[in-house]
Amino acid sequence: MELLGGCYEQVLFGFAIQPGENWSALPDFTHHAHTASLSAVAVNDRYVVTGSKDETIQIYDMKKKVEHGALMQHDGTVTCLEFYGSSHLLSGAEDGLICIWNTKRWECLKSIKAHKGHVTSFSIHPSGKLALSVGTDKTLRTWNLVEGRSAFIKNIKQNAHLVKWSPSGEVYVVVIANKVDIYNLETASISGTIVAEKRISSVKFLTDSILAIAGDEEFVRLFNCESQKCLCEFKAHEKRVKEIYTFEMEGLHILVTASSDGFLKMWSLDLEKINNSPSLLCEVNTKARLTCLAVWHKRDSEAKKIPNEATTSSQAHEEEQPLIKKKKIGWAECDKSSEGDVQETLKKGKSAGVQQKKKKIMQKLK
């Protein structure tokens, strides 16, 4: 298991987690991943991908411990990354695009002009058939991934910066500043609102009814989505919490937090005693200004695939070599459509990299 943290200092940190009676986090690697600050990180059963203000997405093969290459489709800060199973990656950026990538050959299968402004966040439905996105054009958009088109556009009064599906896909939340609006998929209407004291930086579902919220303060709070009541709050860090991450392992519910104070912490949650503060499993001090985090761990390969007609590529090329050359990783050891379309869709079944991008742009200009 690897605890990963990205920071303003352009570095990706890796810590080997050793579970047990006394959990420990041992420094594994530091990698100068980008030429600008990291903005997003995502993992699946094999790969880790990082997005940055340098407009590139870096790929790492965690099983082979090699740097897999860079994706340079976007012209703007990469703001969000999310895998769907082992087959697809979605990326969003300030250029307003959402790109769908095939993770076998790392080719861009579909590039969607999702928003007139920046794409600030997106979330893939558990079925893989829908995705939600929000941007700086004050819209919440639903995407039909089966056909690669817009399914529904909802105008909202302010720019939202986070959107997230619940585990079942029956509920989703939209975050605007310090407010969380809870939507019901069936009605596409707001069923409740949670208001925090300060701007919210990260939200994660623990279950369909329990939502973890963190923001520009030291506390993490757990809320009941149905009653919108705070179930538990605890001081996680000495400075603001930048991001939270959750996963389950051998019956344990683990919450991971990253803060501007440089610490990465892992907490154990007892959902049967949700009102009790979680217990701290382990912590590490990166001494960096953290921006994003994820946890990679070995698991059985997932068979999930986005059932997208737009993502099908020619079978004749499947045996060819990957489009991106692999190299040994240089890691240093550490010291407007109708709402009915939505339901219908669910029913249907680094420096060198930057120079390459500049070269590509110059070729276009010629």
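- Atom NZ of K287 has 12 or fewer neighbouring heavy atoms from other residues, nucleotides or ligands inside a 6.0 Å radius.
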(request) Please assess L162 against T120 for the test side chain to side chain contact (heavy atoms under 4.5 Å, CB included), listing each intermediate value before the final yes or no. (result) CA-CA 7 Å; L162 292 171; T120 54; over 6 Å; no
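- Within the 3.5 Å criterion, the main-chain N or O of E226 finds a donor-acceptor partner in the side chain of Q228.
- Looking only at side-chain heavy atoms (C-beta outward), V134 and H161 stay at 4.5 Å or farther from each other.
- To the nearest 0.5 Å, atoms CD1 (I59) and CG (L71) are separated by 3.5 Å.
- Between T142 atom OG1 and F152 atom CZ the span is 6.5 Å, to the nearest 0.5 Å.
- Residues N178 and K198 approach most closely at CB-O, 3.2 Å, considering heavy atoms.
- A salt bridge is defined here as a Lys NZ or Arg NE, NH1 or NH2 lying under 4.0 Å from an Asp or Glu carboxylate O, and D261 with K265 fails to meet this definition.
- Between the CD atom in Q18 and the SG atom in C282 there is a gap of 10.0 Å [rounded to 0.5 Å].
- Listed here is the closest heavy atom pair of G169 and H125: O-NE2, 3.2 Å.
- Looking at heavy atoms from C-beta onward, E94 lies in side-chain contact with T79 at the 4.5 angstrom threshold.
- A donor-acceptor pair is defined here as one N or O able to donate and one able to accept, closer than 3.5 Å; such a pair exists between the side chain of T103 and the backbone of S87.
- Note: K53 NZ to T77 OG1 = 6.0 Å, rounded to the nearest 0.5 Å.
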(message) Before you tell me yes or no, could you show the steps for M62 and H297 under side chain to side chain contact (heavy atoms under 4.5 Å, CB included), namely the whole-Å CA-CA distance, both residues' side-chain angles and the distance that decides it to 0.1 Å?
(response) CA-CA 9 Å; M62 295 297 289; H297 53 98; over 6 Å; no
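- Within the 4.5 Å cutoff, the side chain of I254 has heavy atoms near those of the V256 side chain.
- Minimum heavy-atom separation, V11 to L38: N-CD1, 3.9 Å.
- Taking 4.5 Å as the limit, every side-chain heavy atom of C225 sits out of range of all side-chain heavy atoms of V171.
- Aromatic ring pairs are classed by plane angle as parallel below 30°, tilted from 30° to 60° and perpendicular above 60°; the pair Y183 and Y172 is parallel.
- Residue Y245 is not grouped with residue L222 when hydrophobic side chains (ILVMFWY) are merged at heavy-atom distances under 4.5 angstrom, including chains of intermediate members.
- At a threshold of 4.5 Å between side-chain heavy atoms, the hydrophobic network of Ile, Leu, Val, Met, Phe, Trp and Tyr places L97 and F122 in two separate groups.
- Proximity of a side-chain donor or acceptor of S202 to a complementary backbone N or O of I244 within less than 3.5 Å is detected.
- Of the possible donor and acceptor atoms, none in the side chain of S201 sits under 3.5 Å from a partner among the backbone N and O of D216.
- Separation of atoms CD (Q158) and NZ (K138) is listed at 7.5 Å; rounding is to 0.5 Å.
- Counted by atom type alone, H34 and T50 present one or more donor-acceptor pairs between their side chains at under 3.5 Å.
- Summarising the geometry of I156 relative to T139, their closest heavy-atom pair is CG1-N, 3.9 Å, with the distance given to 0.1 Å.
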(request) Walk me through it: do W296 and L4 pass the test side chain to side chain contact (heavy atoms under 4.5 Å, CB included)? (result) CA-CA 8 Å; W296 177 86; L4 306 161; 4.2 Å; yes
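- Looking at L12 and Y60, their side chains come closer than 4.5 Å, going by heavy atoms from C-beta outward.
- Between the side chain of T291 and the backbone N or O of S39 there is no donor-acceptor pair closer than 3.5 Å.
- How far CE of M72 is from CD of Q58: 8.5 Å, rounded to the nearest 0.5 Å.
- Cluster membership for L211 and W165, using ILVMFWY side-chain heavy atoms within less than 4.5 angstrom, is not shared.
- Without hydrogens or angle criteria, K179 side chain to I200 main chain gives no donor-acceptor distance under 3.5 Å.
- Side-chain contact between V119 and C80 is present, with heavy atoms from C-beta onward closer than 4.5 Å.
- A donor atom on one side chain and an acceptor atom on the other are not found under 3.5 Å apart for H68 and D61.
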(request) Go through the steps for H237 and T257 under the test side chain to side chain donor-acceptor pair (under 3.5 Å), then give the verdict. (result) CA-CA 9 Å; H237 294 270; T257 58; 2.7 Å; yes
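- Looking only at side-chain heavy atoms (C-beta outward), Q73 and S91 stay at 4.5 Å or farther from each other.
- With hydrogens and angles ignored, the 3.5 Å screen pairs no side-chain donor or acceptor of R240 with any backbone N or O of S260.
- Taking the six-membered ring for Trp and the full ring otherwise, the centers of W267 and F234 sit less than 6.0 Å from each other.
- Checked by atom type and distance alone, the side chain of D208 pairs as donor or acceptor with a backbone atom of S168 at under 3.5 Å.
- No donor-acceptor distance shorter than 3.5 angstrom exists from the side chain of S37 to the backbone of E9, with no hydrogens or angles considered.
- With hydrogens and angles left out, the side-chain atoms of D181 and T193 include a donor and acceptor closer than 3.5 Å.
- Ion pairing between K104 and E107 fails under the 4.0 Å rule for side-chain N and carboxylate O.
- F13 and W23 end up in the same hydrophobic cluster when Ile, Leu, Val, Met, Phe, Trp and Tyr side chains are linked at under 4.5 Å.
- Taking all atoms of both residues into account, the shortest heavy-atom contact from S268 to L252 is OG-CD2, 4.1 Å.
- The two atoms that bring E233 and S277 nearest to each other are O-OG, 4.0 Å, heavy atoms only.
- For an aromatic pair to be called close, the ring centres must be under 6.0 Å apart, and W106 with Y47 satisfies this.
- Under the 4.5 Å side-chain heavy-atom criterion for ILVMFWY residues, no single connected hydrophobic cluster contains both L290 and L280.
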